[in-house]
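Below: the structure, in C-alpha cells.
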Amino acid sequence: MKSTRVRRVTFSIALVSALAGVAACSSGSSGGSGKDDKAAQGTTHVSPIAALQSAEKSTDGADSARIESTTSLGTLMSMKSGGSMSWGSGLTGDMTITYTGGTMAEAMRKTGSTSMQARYLSDAYYAKMGEAFAGRMGGKHWIKYAYDDLAKIAGGSGAFLKDQMQNSSPNQSVKLLLASGDVKKVGDETVRGEKTTHYAGTVNVTDLAAKSSHLTASQLADLKKQFTQAGITTEDVDIWVNGKDLLVKAVSKGELSSGTMSSTTYYSDYGVKVAAVAPPAGDTTDFKDLLKSQGLTPGSGDTSSGSGTTS
C-alpha cells in the first residue's frame, strides 16, 4: 500500500534527520547543569558577545574532536552517540549511535539492531544496519544517503540538512547564540572536572536557519512551513566554554508537536586524528534506490516533505 511505503520513507527521513543532528552537534536536555557539573563562583569583565566570538573562532579552528551526545525528539526517539568528527573540510568521521526509546527504537529493533555505525563524508553519509536488514538486501549492510538526493527528497528540510551536513561544526551552537542577539553569561562552572564559563540564550529557529545556511528564499519558505507543521518555533541554547575558548558542552531544548526535543553534547580531545572512508560498494545500497524499489520517485509528491501520511 502507498501509505505503508510512505511510512517507510518517513522513518528513513527521520533517521537521516537524527543522524544529521548528531553531526551538526547542536545540543541537549535543558539549560541546567548535569549532575557532574558543579557551580563555581567567579566573575569576568569580558562581554558575553566578545567571549563567544573568541570561542567561535577557536572551536572552528580546532578542526576535530571526540563527541558524546544524548538526544530526544518527542515520542519519535531517544538516542545516545559517540565518536570522532572532523570539520576542517566538511564533516567527516565515524559515530556509533544507539536508539534507546521511542518509535524509532522500535522500528530499529525490527531491522535486527538498535545500534548502528554512522560514517560521514563530504558528499554523503552511510548508516550500517543490522543483519536482518542485510538479509533483505542481498547481504548489503550499509545505506548511502547522498546529500544531493536528500535535498530533493525532503524539500526545504532536505536542503537545510544538506547545507548543515556540509558546513556545520561544533561552533554552530556558538553561532546560534551570537545570531540570536539574546545571550547572557550564567556563571562559572566545572564540567567533567574542567573549569568553564556557561552562556545561555533563546533563538528563533526559522531566523536561525536563514542566518546559518545558504538556502534560497524558496527553500527557506519550505523549511519554515515544515518547522511550523512540526511545532518548532524557538530553541533554548546553553554552552560551556573552557579557558582555551573551546566548546566543552552544548545543550538545547525546544518543543515539537510530538513533545520535547532536547540534546546534550560533550566535546573533548580537540585535534584528534579522524580518518573516514566510504564502505565497500558491494556492501552498500543507495537510499535513492531503496525508494525506487518501493515504487517511490525521489523529489516526487510522495517524498518531497518526508512527512507523508501514515494513515
Side-chain angles (χ1 to χ4, degrees), residues 15-28 52-71 79-98 115-128 142-151 160-178 191-192 194 196 212-214 237 239-252 263-281 284 287:
L15 176 59
V16 167
S17 300
L19 289 170
V22 173
C25 308
S26 61
S27 357
L52 290 182
Q53 288 173 335
S54 295
E56 191 274 332
K57 182 177 180 180
S58 296
T59 301
D60 185 54
D63 286 344
S64 65
R66 298 191 190 279
I67 299 171
E68 300 174 53
S69 71
T70 57
T71 303
M79 70 178 189
K80 60 181 181 180
S81 60
S84 299
M85 296 291 290
S86 172
W87 53 90
S89 299
L91 280 174
T92 58
D94 286 279
M95 300 286 286
T96 298
I97 300 172
T98 301
S115 294
M116 69 168 63
Q117 183 181 355
R119 187 168 296 174
Y120 302 85
L121 299 178
S122 61
D123 62 341
Y125 71 85
Y126 300 78
K128 188 175 184 181
W142 293 85
I143 302 176
K144 176 183 178 180
Y145 297 90
Y147 300 141
D148 286 342
D149 293 338
L150 296 178
F160 182 62
L161 173 61
K162 174 187 175 182
D163 181 86
Q164 295 299 292
M165 293 294 283
Q166 294 183 318
N167 297 293
S168 287
S169 65
N171 69 349
Q172 196 72 7
S173 295
V174 183
K175 290 180 179 179
L176 297 188
L177 287 183
L178 286 170
V191 178
R192 293 186 168 184
E194 189 169 9
T196 69
S212 65
S213 69
H214 305 84
V237 178
I239 64 171
W240 288 255
V241 179
N242 67 12
K244 296 180 180 179
D245 291 332
L246 293 172
L247 189 63
V248 173
K249 177 183 177 183
V251 165
S252 66
S263 87
T264 299
T265 307
Y266 292 93
Y267 306 91
S268 62
D269 200 7
Y270 279 95
V272 63
K273 184 177 180 180
V274 176
V277 297
T284 304
F287 179 58

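Fair warning: this is a prediction, and the values are worked out from it, not measured in the lab.
Note on K249 versus E68: no salt bridge recorded, every NZ/NE/NH1/NH2 to OD/OE distance being 4.0 Å or above.
Listed by chain and number, the residues in a side chain to side chain donor-acceptor pair (under 3.5 Å) with T98 are S115 (sequence neighbours excluded). Evaluation of the side chain to side chain donor-acceptor pair (under 3.5 Å) rule for E194 yields N242 as partners, not counting sequence neighbours. Among residues two or more places apart in sequence or in another chain, the side chain to side chain donor-acceptor pair (under 3.5 Å) test is passed with D269 by R66.
Taking all atoms of both residues into account, the shortest heavy-atom contact from V272 to S64 is O-OG, 2.6 Å. The two residues L246 and T59 come nearest to each other via the heavy atoms CA-OG1, 3.7 Å. The two residues S69 and S81 have their closest heavy-atom pair at OG-OG, 2.6 Å. When all heavy atoms of A276 and G93 are compared, the closest pair comes out as CB-N, 3.7 Å. Scanning both residues, T284 and P279, for their nearest heavy atoms gives OG1-CB, 3.7 Å. Among all heavy-atom pairs drawn from A146 and A124, the shortest one is CA-CB, 3.7 Å.
For the atom pair NZ of K128 and OG1 of T96, the computed distance is 10.0 Å after rounding to the nearest 0.5 Å. Note that CG of L121 is 14.5 Å distant from OH of Y145, once rounded to the nearest 0.5 Å.
Using modelled atom types, one side-chain atom of R119 and one backbone atom of V277 make a donor-acceptor pair closer than 3.5 Å. Using a distance-only test at 3.5 Å, with no hydrogens or angles considered, no donor-acceptor pair links the side chain of W240 to the main chain of A250.
Under the 4.5 Å side-chain criterion, counting only non-hydrogen atoms from C-beta, I67 is in contact with M95. Side-chain contact between I143 and Y126 is absent, with no heavy atoms from C-beta onward closer than 4.5 Å. Contact of the M85 side chain with the T92 side chain is not registered, since no non-hydrogen atoms from C-beta on lie closer than 4.5 Å. Here the side chains of I239 and L52 are in contact, with some heavy-atom distance below 4.5 Å. Y270 has its side chain within reach of L247: a pair of non-hydrogen atoms, C-beta onward, lies under 4.5 Å apart. For the pair F287 and L150, the minimum side-chain heavy-atom distance is below 4.5 Å. Taking the side chain as every heavy atom from C-beta outward, D94 and Y120 never approach each other to under 4.5 Å.
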Exercise. Please test T264 against T70 for side chain to side chain contact (heavy atoms under 4.5 Å, CB included), starting from the C-alpha separation and ending with a verdict.
Key: CA-CA 5 Å; T264 299; T70 57; 3.9 Å; yes
